[in-house]
Amino acid sequence: MKYTDTRDKTVAVDFKTAVMNGMNAATGGLYLPTEFPTLDAAFLHKNPEPSFREVAFTMAKPFVAGEIPDTDLEAIIQDAYPFAPKIVPIDPVTYVLELFHGPTCAFKDFGARFMARVMSYFNRGQDSNLHILVATSGDTGSAVGSAFHNVPGIDVTILYPDGKISPLQEKQLSTFDGNVRALKVNGTFDDCQRLVKTAFTDTELRARFRLSSANSINISRLLPQSFYYLYAALSVQQRSPHVSKLENPAIIAVVPSGNFGNLTSGLIAAKMGAPITGFVAATNANHTVPDWIATGTYTPHESVATLSNAMDVGAPSNHERITAMYTLDQVRALFASYWTDNAGTLKAIRDCNEKTGYIIDPHGAVAWKAWDELRHGGIERLMAGAVSAKPEEPGLTANIPAWAESVSEKKAIALVLETAHPAKFGATVMNAIGREPSMPNRLEQVLHLEDHAVPMQKDYGSFKEWLVANL
Ligand SMILES: *Cc1c(COP(=O)(O)O)cnc(C)c1O
């Protein structure tokens, strides 16, 4: 498989180059596969449906063809995914796709663990370690740290702003040993990012050490997220005649979005033949993409802080990939879109719990709410032209997706992506429903581990000195 670039279609690099470069520094563009191979009908109609790892292997294979042999790919998948997504119907037409069963209890484990093993694979035979530097404002750092922990040939340095992330997040970052180290920086997230960026452009440092990033825009984080879309769509198809009394439902993936990597992965799955009829792009008050769908104009903003903070992105990188894959008209036919504010998010957690008994986290809640509105009158209002294009007000965007009738005729099932375990946001959930979600063991245990974070000043000189002494 060759990979091209969103900004220059003449670019064609192999998988290894795309992974190790992260992005195309020459153009500032993002890598995308040049084609999306359709999977065999026999595989898509397998009964019972394939396991998650079988789906992962089958989908990954064409993307690494000629660079990672099958037996090695199988080992990578086995090692990356000792856990699987779970699909939980919470009412006859709503299935929650739980993506939080990995070690850090958030969906980023799916992308980060695959990326870590692929990078380690491509780093074999080198006589020095590859050093990953990552600045984090919370969740990314723990997913990346955990994904690379004990992965051979690579070490990771995580920088986070001291006192500015939640105590649980801090424990998740700072308690690794061995090849993953955390620096608590006496400054802001922007200071952390500046330190990392300065290190990457420091020629003296680069001459001594092999440095790399583990950015969310890396193609090796995007591709594996498409695995769970296909896996889930195939299982919903097989379960819906029994659970929902629906043969061949339209399956609508409802995605709580920030940087739009997760949703872009869903688009890749759909192109490869996953039986997904449509998507709902659901955001918090950072509604740059819903505005674009509503008005046709793409205007990035500064991000604003919300209760679903992993979605606080005002300039989503993957917009560039979406527009490389689809025209705006195609997006308007494929997507419904929706945004809500903090009050709407709290109400969604409460309503979801009252109506279904399910405890949803503030990110998944934004998606659940979008679907709840669509199926309870929203689609009819859209079809009647009764939704106005007012981007400044929360709610649905005025475009009418091609699959609208399947919802009004009750032939659609939503797959609501639940991207984090609710216990990671216990205080918000408590605020919404008056009780705390129960804590999974692997989160509980982290609270008792010893903190190894190293205090760090925010000036580049101190940081560089530490790197030189410790890498
Ligand atoms: C990162 C994250 C998101 C947003 O995913 P994108 O791929 O950036 O759209 C949503 N929910 C949680 C819990 C996350 O960590």
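Atoms within each ligand, like the ligands themselves, are counted from 1 in listed order.
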Numbering as shown, the atoms of ligand 1 that approach [X] to under 4.0 Å (heavy-atom distance):
X    : answer
A420 : 13 (C)
A310 : 1 (C), 2 (C), 3 (C), 4 (C), 12 (C), 14 (C), 15 (O)
G261 : 6 (P), 7 (O), 9 (O)

Flag [X] as yes when one of its N or O atoms lies below 3.5 Å from any N or O atom of ligand 1, and as no otherwise.
X    : answer
G258 : yes
N259 : yes
P256 : no
N262 : yes
K108 : yes

With distance as the sole test, does N284 use its side chain to make a donor-acceptor pair with the main-chain N or O of S308 at under 3.5 Å?
yes
Main-chain N/O of V313 paired to N259 side chain as donor or acceptor, under 3.5 Å
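Absent.
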Minimum-distance protein heavy atom relative to atom 5 (O) of ligand 1:
F107 CZ, 3.5 Å
Considering non-hydrogen atoms of the protein only, which is the closest contact for atom 11 (N) of ligand 1, and what is the distance?
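Ranked first by proximity to atom 11 (N) of ligand 1 is T419 OG1, 2.8 Å.
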Value rounded to 0.5 Å, distance of OG1 in T140 from CD1 in I158:
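Separation between the atoms: 10.0 Å.
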Hey, is K347 close enough to D351 for a salt bridge, meaning N to O under 4.0 Å?
yes
Identify whether the distance between the nearest side-chain nitrogen and carboxylate oxygen of E49 and R239 falls below 4.0 Å.
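Between R239 and E49 there is no salt bridge, as every charged N stays at least 4.0 Å from the carboxylate O atoms.
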For ligand 1, indicate whether the residue A106 contacts it via side chain, backbone, both or neither (heavy-atom separation under 4.0 Å).
neither
Any side-chain donor-acceptor pair under 3.5 Å between R221 and N218?
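Absent: no donor and acceptor within the cut-off.
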What do you reckon, is NZ of K197 surrounded by more than 12 foreign heavy atoms closer than 6.0 Å?
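No, the 6.0 Å shell around NZ holds no more than 12 heavy atoms from other groups.
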Is it the case that over 12 heavy atoms from other parts of the model lie below 6.0 angstrom from the NZ atom of K271?
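Yes.
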